[in-house]
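Encoded as structure tokens, the structure appears first; notes follow it.
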Amino acid sequence: MSDPVNTFEAQQEGRPTGPLVQGYEVIIGFETHAQLSTASKIFSRASTAFGAEPNTQACAVDLALPGTLPVMNKGAVERAIKLGLALGSTIAPRSVFARKNYFYPDLPKGYQISQFEIPVVQGGAVSFFVGDESKTVRLVRAHLEEDAGKSLHEDFIGQSGIDLNRAGTPLLEIVTEPDMRSTAEAVAYAKELHKIVTWIGICDGNMQEGSFRCDANVSVRKPGAKLGTRREIKNLNSFKFMQQAIDYEIRWQIEEIEDGRAIQQATVLFDPDTGETRAMRTKEDAADYRYFPDPDLPPLAIAQEWIDRVKAEMPELPRAMAERYVTTHGLSAYDAAQLTQSVALAQYFDAAVAAGAAPKLASNWITGEIAKRLNAQDIGIGSAPVSATMIAALIRRISDSTISNNAAKQVFDVLWAAGEFSGAPLPAEYVARAADDLSRIDAVIEAKGLKQMSDSGALEAIIDGVLATNEKNIAEYRAGKDKAFNALVGQVMKASQGKANPAQVNALLKTKLG
Ligand code: ADP
Ligand code: MG
């Protein structure tokens, strides 16, 4: 615990706050590397684009060749400020870059530029729901640093390749207090943090490409005991693996202790093939890295005016937005939380409401039919073939009783399939008649004959026909059987080929039956 900003150990003794596993309390703290979405590196102008040919995107500065000097990327600092503002942290007016010295083949310069004693972001917290319980995890710090290169083992037999493209990519390492007490809390924290960094646009969040990597520090202890020795599971790059790895690690540690062995502090890797964690190396202490302030970089000074300017440009955050949905649109807290899963989803909802959709109906469609299809096709709302204004138009035709809910689902199917397969909003036969969203929908309603019957004369004729041939049901209804009435409604709906307005049928039938 050589990190001077960490003060948590003393605060962490006492009563357990989470579920016990075989009599043990689980303690988890996270270190997350969020790759900042700048076009160029943290101290050079080399590109950060993913997937380039190996070793084509590391310049002399990234490799610290003699005669080069690093120059701070303002965009990276601005992104750190954004995170600090989003999480209620202190943004240090003056922070310091330090060299972390170690040898590894993917770090030919022999040190990584990071921040040690004075990080740019200090304190703050992440709050989220685990099921329906709210939970707050305190942050220790978030510091700026550069990424190292990558060792490639797969394409070589008996050798390793080195790709230095990633060297110098800007990272924000976000460190929590050991505040999590279960795997579920840890995964919920990681999901919330992922949502926030993508929401405020500082990180693309692509976990497969390594843009958001979590290290989970896990220990167990008997309730009331001092903190146990932790093992750090490195580079968890999917929420599913995260959960499997932490669950496995907890069971493994408890078994070790129960068998009388002491836990050794270590860095471990999760192997998705076996579902096990395996020790990679014993853990270095901070002192081993011989941190010292980087003589090539002046302290990072952040003026209050800069912070104020960034603050003024910050988007509304998910929690504030969810609260607004509850208070101004009357949505349930659950629906509001669903709609604020991502900026794109919230924007889609906002756009539908702005286009005149009743908020409750828009929410139902988005969290219902639309979410179902997005999940099934494993795509995001950004790829939805039905636009927000189209949904608003569809909802309008339900609200004005042109079509029933059931018919609306059929229209929706046509819209979705059309967008999905042709790339065009609708097949030619509909498009020809359709100028805008509403008339496109009307074209589908007409082509499929889904319009609700609004002519009460025609409906009365159908009802009279049904009543004339259903004496048994009428007698039963008069004898007090509700079922008989429903049967009559069903007959009328059938006779109208589903186009009668059920509420109207109900009312007319009741009057006619007296
Ligand atoms: P490093 O891993 O770089 O040495 P720290 O000592 O600052 O860094 O701790 C890193 C993380 O480990 C923090 O998220 C912290 O909350 C967590 N942590 C520290 N002690 C424990 C523990 N006993 N059990 C679980 N997590 C812990
Ligand atoms: Mg660590």
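Keep in mind that what you see is a predicted model, and the values were worked out from it rather than measured. Whatever order the structure lists ligands and atoms in, that order sets their numbers, starting from 1.
Not a single N or O atom of Val175, backbone or side chain, sits closer than 3.5 Å to an N or O atom of ligand 1.
Atoms of ligand 1 found under 4.0 Å from any heavy atom of Phe30 (numbered from 1 in listed order, with element): 14 (O). Taking every non-hydrogen atom of Gly228 and a distance limit under 4.0 Å, the qualifying atoms of ligand 1 come out as 23 (N). Of all the atoms in ligand 1, the ones that sit under 4.0 Å from a non-hydrogen atom of Thr176 are 13 (C), 14 (O), 15 (C), 16 (O). In summary, the atoms of ligand 1 found under 4.0 Å from a heavy atom of Leu227, numbered by their order in the structure, are 23 (N). Annotation for ligand 1: atoms under 4.0 Å from non-hydrogen atoms of Pro178 are 16 (O), 26 (N), 27 (C). Set against the non-hydrogen atoms of Glu177, the atoms of ligand 1 under 4.0 Å away are 16 (O).
Salt-bridge formation is detected for the pair Asp215/Lys234: a Lys NZ or Arg NE/NH1/NH2 atom is positioned less than 4.0 Å from an Asp or Glu carboxylate oxygen. Salt-bridge check for Glu316 with Arg324: passed, with a basic side-chain N closer than 4.0 Å to an acidic carboxylate O.
Heavy atoms of Glu232 found under 4.0 angstrom from ligand 1 belong exclusively to the side chain. Of all the heavy atoms of Asn217, the ones lying under 4.0 Å from any atom of ligand 1 are found in both the backbone and the side chain.
Under the ring pair (Phe, Tyr, Trp, His ring centres under 6.0 Å) criterion, His329 pairs with Tyr325, Phe349, sequence neighbours left out. Taking Tyr24 as the reference, nothing meets the ring pair (Phe, Tyr, Trp, His ring centres under 6.0 Å) condition, with sequence neighbours excluded.
The heavy atom nearest to atom 4 (O) of ligand 1, considering only Gln265, Arg230, Lys226, Arg221, is found in Arg230.
With 3.5 Å as the limit, one finds a donor-acceptor pair spanning the side chains of Ser37 and Arg79.
Closest heavy-atom contact between Thr229 and Gln253: O-OE1, 4.2 Å.
Geometrically, Lys135 does not engage Tyr189 in a cation-pi contact, judged by NZ or CZ lying under 6.0 Å from the ring centre and within 45° of the ring axis.
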